[in-house]
Amino acid sequence: MTTAYISEISKYEGQDVTLKGWLYNKRSSGKIKFIILRDGTGLIQAVAVKGEIEDKYFDLIEELTQESSLAVTGTIREDKRSPWGYEMTLKSLEVVHIAEEYPISLKEHGTSFLMDNRHLWLRSEGQRHVLRIRHEIIQSIRQFYYERGFTLIDSPILTPASVEGTSTLFETDYFDGKAYLSQSGQLYLEPAIAAFGKVYCFGPTFRAEKSKTRRHLQEFWMVEPEVAFNDHEDNIKLAEEFVSYIVAWVLEKCGRELDALERDKTKLEKVKAPFGRVTYTDAVERLKKEGIEIEWGDDFGAEHETVIGSWFETPVVIEKYPAKIKPFYMQPDAENPDLVANMDVIAPEGYGEIIGGSQRDHDLERLKKKVIAQGLPLESYEWYLDVRRYGSVPHAGFGLGIERTVAWLSGSKHIRETIPYPRMLYRLYP
RNA sequence: UCCCCAGUAGCUCAAUCGGUAGAGCAUUCGGCUGUUAACCGACAGGUUGGCGGUUCAAGUCCGUCCUGGGGAGCCA
């Protein structure tokens, strides 16, 4: 007997096949029973009619509980009554395991309950769709940098100190000393550009900030490219092409998932480079004109970002922030030394900042001064400063948050659904 | 760290002015030959998050703690 997957069931029309999976739901009407099977690739209904199937199999259906694992064998046929197009006429079934009473019913549940049962919630259709989109986004990222000749440089997760010296870090014992979980791979990437020219890293990052919003996780994944000889404009261009590539890939590969999630695809179809662009200074002026409280020199809050995002249909690039609110490693703007050559990309529809990046300062003496001025221990950064001692070149890069990108493209209301096992404030289980 | 909201059956929720704690789903049992979160009938299921207070009487009011949710700040 051929064993098949539900996703390829149309190939087997008129044939007998075996499908292996879990019981999604069952219904009974006395002499006719329906079971819905899921196998990780899709759903299908199998029908058993009393008298047309051996009684021992017909009676066995009665014992099946939600999420019991089983193998069903029968004939595949097209059926207009099925929402999936095909159905199986059941001939026999084999129980692998009768599931205990399953906590997640087909009815409504609260977030807290579902998060306690995250390991089971993963089986639900909506969660599967979002995580399939995450999977394709990651695949598109790998492909984008592979096609462009970037080399993957994995940055360490255990690090001796803070990258920016500001955010709170998770601390852990490291034999006789302390280590910290990485909050960015950037500092480790910069030396690598002198070895490979174009590099990127992609891995988990950790922030011990007590953030508790739908846009924050304590552990999240970030992809960070870094390119030798790229300036501010090159950096923006790379970011725009990168995001456009991801969106086009997801539209091509995940149409079914986007439809199932009722994501408005027309909004994603507008995401093409170049994006909307505004300088920090212009954005502040326009916000003021719209009656929103802000002063030049303030950093943008969530509300500001949402308003700025609403000015464009594409994502928007905000560039050239005041130097005093940005980290030491950013290159000063060529025309105004109070500004830095940085850029953030804000996703539309209120999904917030998905990219933050800059051209990096490649002047040794100026960088040293800024390290000292920000109260950071110079000796910890000597290795990093070496990038500016041995053939220093202009270079630029940025970081893109995977979960925020997944949330945006999938239309998820909360970032916790965009990663299989979210690590959140006050939630480390399961 | 701060602000707001919520904890009642396994799950989702009701309970009027403070007056005997209720429904749907799930489970169990019975019925039904095309169901789509099937439907119909029945059984069972409770120290109303903890502690203290007010009251003749507290799920309900007050205090406090715990847990969870949303947001701010910070960031991706």
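So you know, we letter chains A, B, ... as the sequences are listed, proteins then strands, and number each from 1. All figures in this text were calculated on a predicted structure; none of them were measured in a lab.
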Any donor-acceptor pair under 3.5 Å joining the side chain of [X] to the base of [N]?
{"X": "A/Arg27", "N": "B/C32", "answer": "no"}
{"X": "A/His109", "N": "B/C11", "answer": "no"}
{"X": "A/Ser211", "N": "B/C74", "answer": "yes"}

Specify the separation, in whole Å, of atom [atom1] of [X] and atom [atom2] of [N].
{"X": "A/Ile44", "N": "B/G34", "atom1": "CD1", "atom2": "P", "value": "21 Å"}
{"X": "A/Arg427", "N": "B/U67", "atom1": "CZ", "atom2": "P", "value": "12 Å"}
{"X": "A/Arg81", "N": "B/U33", "atom1": "CZ", "atom2": "C1'", "value": "11 Å"}
{"X": "A/Glu305", "N": "B/A72", "atom1": "CD", "atom2": "P", "value": "10 Å"}
{"X": "A/Trp121", "N": "B/C11", "atom1": "CH2", "atom2": "P", "value": "16 Å"}
{"X": "A/Asp299", "N": "B/A76", "atom1": "CG", "atom2": "P", "value": "10 Å"}
{"X": "A/Lys210", "N": "B/G69", "atom1": "NZ", "atom2": "P", "value": "15 Å"}
{"X": "A/Leu217", "N": "B/G70", "atom1": "CG", "atom2": "C1'", "value": "15 Å"}

For the side chain of A/Phe34, counting heavy atoms from C-beta on, which of B/A76, B/C74, B/U35 is nearest? B/U35

Looking only at B/G70, B/U35, B/G68, the nucleotide nearest the A/Ser112 side chain is B/G68

Indicate yes or no: does [X] engage [Y] in a salt bridge with an N to O separation below 4.0 Å.
{"X": "A/Arg263", "Y": "A/Glu349", "result": "yes"}
{"X": "A/Lys198", "Y": "A/Glu226", "result": "no"}
{"X": "A/Arg38", "Y": "A/Glu67", "result": "yes"}

Partners passing ring-ring contact (aromatic ring centres under 6.0 Å, His included) against A/Tyr200 (at least two apart in sequence or in another chain): A/Tyr145

When rounded to the nearest Å, what value does the distance between [atom1] atoms of [N] and [M] take?
{"N": "B/C25", "M": "B/C66", "atom1": "P", "value": "39 Å"}
{"N": "B/A76", "M": "B/C4", "atom1": "P", "value": "30 Å"}
{"N": "B/A44", "M": "B/G22", "atom1": "P", "value": "14 Å"}
{"N": "B/A9", "M": "B/C43", "atom1": "C1'", "value": "15 Å"}
{"N": "B/U12", "M": "B/G69", "atom1": "C1'", "value": "16 Å"}
{"N": "B/G19", "M": "B/C62", "atom1": "P", "value": "15 Å"}

Is there a side-chain contact between A/Arg215 and the phosphate of B/G70, meaning an N or O under 4.0 Å from OP1 or OP2? no

Any side-chain N or O of A/Lys33 under 4.0 Å from OP1/OP2 of B/U35? no

Comparing A/Glu303 and A/Glu108 on RNA chain B - which has the more 5′ nearest nucleotide: A/Glu108

Ranking A/Met424 and A/Ile354 by the position along RNA chain B of their nearest nucleotide, the one closer to 5' is A/Met424

So, the side chain of A/Gln183 versus the backbone of A/Arg207: is there a donor-acceptor pair under 3.5 Å, distance only? no

Taking the six-membered ring for Trp, does A/Tyr426 stack with B/G68 (centroid gap under 5.5 Å, planes within less than 30°)? no

Could you list the protein-to-nucleotides 22-31 of chain B atom pairs, N/O on both sides, closer than 3.5 Å?
unit_1	atom_1	unit_2	atom_2	d
B/A26	O2'	A/Glu101	OE2	3.4

Syn or anti for B/C61, please, going by whether the chi angle lies within 90° of 0. anti

Rounded to the nearest 0.5 Å, what's the gap from OG1 on A/Thr213 to CD1 on A/Ile415? Could you check? 7.5 Å

